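Please read these numbers as outputs of a predicted model, since none were measured by experiment. Letters A, B, ... are given to chains in the order of the sequence lines, protein chains preceding strands, and every chain is numbered from 1.
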Amino acid sequence: MLKINNLHASIEEKSILKGLNLEVKAGEVHAIMGPNGAGKSTMANVIAGKEEYEVTDGVIELNGEDISELAPEERAHNGVFLSFQYPVEIPGVSVTNFIKTAINETRKAKGLEDMPAKDMLKMIREKSELLEIDRKFLSRSLNEGFSGGEKKRNEIFQMAMLEPKLAILDETDSGLDIDALRIVANGVNKLKSKDNAVVVITHYQRLLDYIVPDFVHVLHDGKIVKTGDASLALELEAKGYDWIKKELV
Amino acid sequence: MELLKDKILSSYVAFENDININSDVHDIRTEALENFEKLGFPTKKLEAWKYTSLNSILKEDYSIFPNKCTAVELADVKKYFIHDIDTYKVVFIDGKYSPFLSETTHDTIDVCLMSAAFAKPKYKPVIEKYFNKVANQDNLTSLNTAFAKEGAYIHIPRNVEVEKPIQIINFSTCADITTMVQPRNLIVVEENAHVQIIERHQSLTSNAVLSNVVTEIFVDKSATVDVYKIQNDDINASLVDNTYINQKSNSVASVHTFSFGGNITRNNLNFYQNGEHIDSILKGVTIIEGKQHVDHHTLVDHIEPNCESHQDYKGIYDERSTGVFNGKVIVNKEAQKTNAYQQNNNVLVSDKATINAKPQLEIFADDVKCSHGCTIGQLDDDALFYMQQRGIPQKEGKGLLMFAFANTVLESVKIPEVKSRITKLIAEKLNVNIGFDL
Amino acid sequence: MSKYTEDDLELELKTKEYEYGFYTDIESETFAKGLNEDVVRAISKKKNEPEWMTEWRLEAFRVWEKMTEPDWANVKYPKPNFQEIAYYSAPKKKPKLNSLDEVDPDLLETFKKLGISIDEQKKLANVAVDIVMDSVSVATTFKKTLGEKGIIFMPISEAIQEHPELVKKYLGTVVPTTDNFYAALNSAVFSDGSFCYIPKGVKCPMELSTYFRINEGGTGQFERTLVVADKGSYVSYLEGCTAPQRDENQLHAAVVELIAMDDAEIKYSTVQNWFPGDENGKGGVFNFVTKRGLCETNAKISWTQVETGSAVTWKYPSCILKGNNSVGEFYSIAVTNHYQQADTGTKMIHLGKNTKSTIISKGISAGKSQNSYRGLVQINSRAENARNFSQCDSLLMGNACGAHTFPYIEVKNKSAQIEHEATTSKIGEDQLFYCNQRGIDTEKAIALIVNGFSKEVLNKLPMEFAVEAQKLLEISLEGSVG
């Protein structure tokens, strides 16, 4: 599904990713862990195509197609979804209106007609129940005045609506209390299938109790320095990241 | 008004007798006089004077060149100084320098007189470079420029942090004539220097006085200037204060204006940001009563990127008094990443009091954060009830709330003695017993 | 991939063409250019007006002659030569219409192009429409339905004939002929407009609507609208404007007067899309409009406007809150692009006790345009417990435009509570990326964000208009990509 080869990326001439390799197959869950400043969020943003980052070397392939020259919305149309660490506020635009626009723009890109309102409503009802989202919440302005937990739940709700092939969850666990964490994780698990893949970026092991990864990667100084199974996450939790750093020297 | 204008124009010849007319400065004066002749006094027809009429005070037959009328004893006027700290002082009585009350210096810094600076060749380069370079050409500034002769001259060289504040005080004393004075101050603060200025105009007579002051302040790179204007004059004294501040990169300039006294007070406060990373701070408290009139007319011209401005003006108006706040923020096309904030809050205490506010934004750059807020209202009834419930009588409770309302502006005052003096003045104006000595 | 920058956006905006730029060839009868007392008399005669009306016009003309065009607004434009304008232009075959079938087919075609098919509106929207084209009312529908309720809704020229007592009583009482330069001009030369009277206690069962359109070249349009809502009545009134694309500037100087008597409510909504001029600032309509409403006790007047057109807009729909407990509202979206200039806002004059006013103004500037909010909130000394809340938000797109706020606040009563807030913002890169990531391209994202920014005002429009307004916002700001 996703194949990243020797990815180098920088922002304002500062090099952040320095030869990152990653392969994610359909049906898999990967966790990316690492200390602050390792380049975790940069990786997520570069895959999604954020303009500020300059890709200086390497390829990002999605289902065999190089997507590194595509606009962010084109990547989204191809099935890339990024759950933002800090979702932005868009005053006056309701959650419903926003997701409706997103779905129909994606359908338009695929040469499809707008989704009929009836189907849209049905889908919204289903997915909001799945994520235990109060219907009133959907008429509020996007992320405006949302609590941390509401913002993250809204991200997963959008993911559920857009049904991406590759979902990247950037620190989705931060700012969540335990109940919200459970709801979000359950949502992700229910959405998981053999046809899609999930990349979970997290600082802590906590989320991985709920979303069990097939692979855990440690990102350090712009590279993946260690890969293991779910047990690696526990080891990191116990020993901290210094252990990895020492091992590297 | 026309009479006064004629008198002023015709007295220019007499004025010229007294000064060196063979200088560049005099050319500037003559040009300014022509300008004033053309423009005349401002009237309400001018947008900038829509809410302030000078008609009532321009009827007076002012003496244009008052002689020093009365001798002033330090003991009589000590209370008008910030006297509990060591300061430099430049003091004028009826427009004439008072060496007796002053304390000037030429040690590293120059704190002295404009008349001396105009006269001595030593100061010529500074005068040529700065005099009348930031002041604009409007009616009353031109009038002042035409008669520019005396005032404070302050020059702080690079990297000097002036350890004590400088007080500029103008007394008016004439008991038998009404007087009009045109003080002209020039303050040049070079790179990375720091100075604090306290300015006051005080009439010691019950005769009408009109002060038309122009102060030019140049704040070079990384310099800091703090100005405190204390306006608590006699009820027959009126003031037009024209202050122009030119700031360069990384400089900080603040002006606090405390308007409690006087008949008509008009503050034209103008900031021009010629550089990046500049901070301009404009604050004011106005508490007036009777038929007093205070007009704050501010301008912050954001010319270059990455600068900030902060404005916070509070006003409390009792009896038949009138307050005006006209705050204009311009963000030029080049001035991206500007942060400009403006706040103006007012309380009307009496049914006969009036407030006119005109907070303006003119924005030509897109990546900026600008906001202004303006409120006119009363005191919080819930807070008042809360106080009454705890046994504080309504009158005292109201006073306390107003005191709290006005006092927030003082947080940014850096000289503790000024802060405590103003706090006391506010308490006095509001009839509040603050109960303890600050 | 290439980054979509603000420069790209600007480029797109430049290439956007005026959607309603066409000209329908309907034979018109036009007066020779120029203005003097004879022309004023001729207009009056043409309309077969009674003597009092002719005198009223002449008086206005004499006042106007002595006035000068105001220049305090934050707009720059070549002052029109008022002797180069034809002051009367009417479709020659003035139809006596009993039904829509009798309307000139060309004219109907025009309305179809405007997307305001009368038939459809009649069927679907339940809207009664009075259409003023080049100054003369062409068709008023729904007369019968309204007639049963005693509602008068007709061209003002007919009202002068059929209800002279009403017109005479109210015309010029809110906007006197001497009010300002353009109002005086309008009073002297207006050729038509709409008149509406809602009797006591009647809730008008449908939205009343007028479409204005300038068709003939070199003509000015001067409509006069008078809406009188008698005690306890209610009416919602819509006004739409379009003009074909033309090189020369066209003048539009309308006057709208609203009278809301005790306990009455008037909602007045405008979608203004006069031709804004081309991308180089050539042509376009000068829109100098005086709109004012008078509220008696417990009355309410609500102005909602979406202003996307005109080269120059000078317009301040205002409320005089004369009666106790009366309410004034002003909701405005003003979009300027290319070389457009808008100086618009409101006046809320609080005279009565417990009067309330709300001002929500959203200015969106793009291209090389200048967008100004100018407003006055005045609390008079007897207006106990007056309340005002004002919010003026500006959104800037690109770095060649300007946004300006000139609020005047004058308070003479201590019990007043006034709150004024203004903010300026741009569309954030973060917001665009977020939308992009969800598959929404930048152009659509901008439309979405602008609609969100304007939502508080769009929500105030009647349903049929809101959709059109939303579309107009997009057209005004979007490029033609995709």
Is the terminal nitrogen or CZ of C/R374 (NZ for Lys, CZ for Arg) located under 6.0 angstrom from the six-membered ring centre of C/W314 and within 45° of that ring's axis? no

Do B/K314 and B/F405 form a cation-pi contact, if we require the NZ or CZ to be under 6.0 Å from the six-membered ring centre and within 45 degrees of the ring's axis? yes

Is the ring centre of B/F364 less than 6.0 Å from the ring centre of C/H404? yes

Heavy atoms only, distances under 4.5 angstrom: which of C/V411, C/L376, C/N74, C/T424 has the most pairs with chain B? Name it, please. C/V411

Quick check on C/E384 against chain B: is it the side chain, the backbone, both or neither that has a heavy atom closer than 4.5 Å? side chain

Is a salt bridge present between C/K362 and C/E456, judged by a nitrogen-to-oxygen distance below 4.0 Å? yes

Determine the option with the most heavy-atom pairs under 4.5 angstrom with chain B, choosing from C/S372, C/C392, C/S425, C/S415. C/S415

For the rings on C/W72 and C/Y316, is their centre-to-centre separation under 6.0 Å? yes

Are C/K79 and C/Y77 in a cation-pi contact, defined as NZ or CZ under 6.0 Å from the six-membered ring centre and within 45° of the axis? yes

Among C/T423, C/L395, C/T405, who wins on heavy-atom pairs under 4.5 Å with chain B? C/T405

Name the region of B/K352, side chain, backbone, both or neither, that has any atom closer than 4.5 Å to a heavy atom of chain C. neither

Please look at C/S390 and chain B and tell me whether the side chain, the backbone, both or neither of the residue comes under 4.5 angstrom of a heavy atom of that chain. neither

Ring-plane angle category for C/F330 and C/Y373, please: parallel below 30°, perpendicular beyond 60°, tilted otherwise. tilted

Less than 4.5 Å to any heavy atom of chain C: does that hold for the side chain of B/Q336, its backbone, both, or neither? side chain

Heavy-atom distances under 4.5 Å only: say whether B/E47 touches chain C with side chain, backbone, both or neither. side chain

Side chain from CB out, backbone as N, CA, C, O: work out which of these in C/Q370 comes under 4.5 Å of a heavy atom of chain B, or both, or neither. side chain

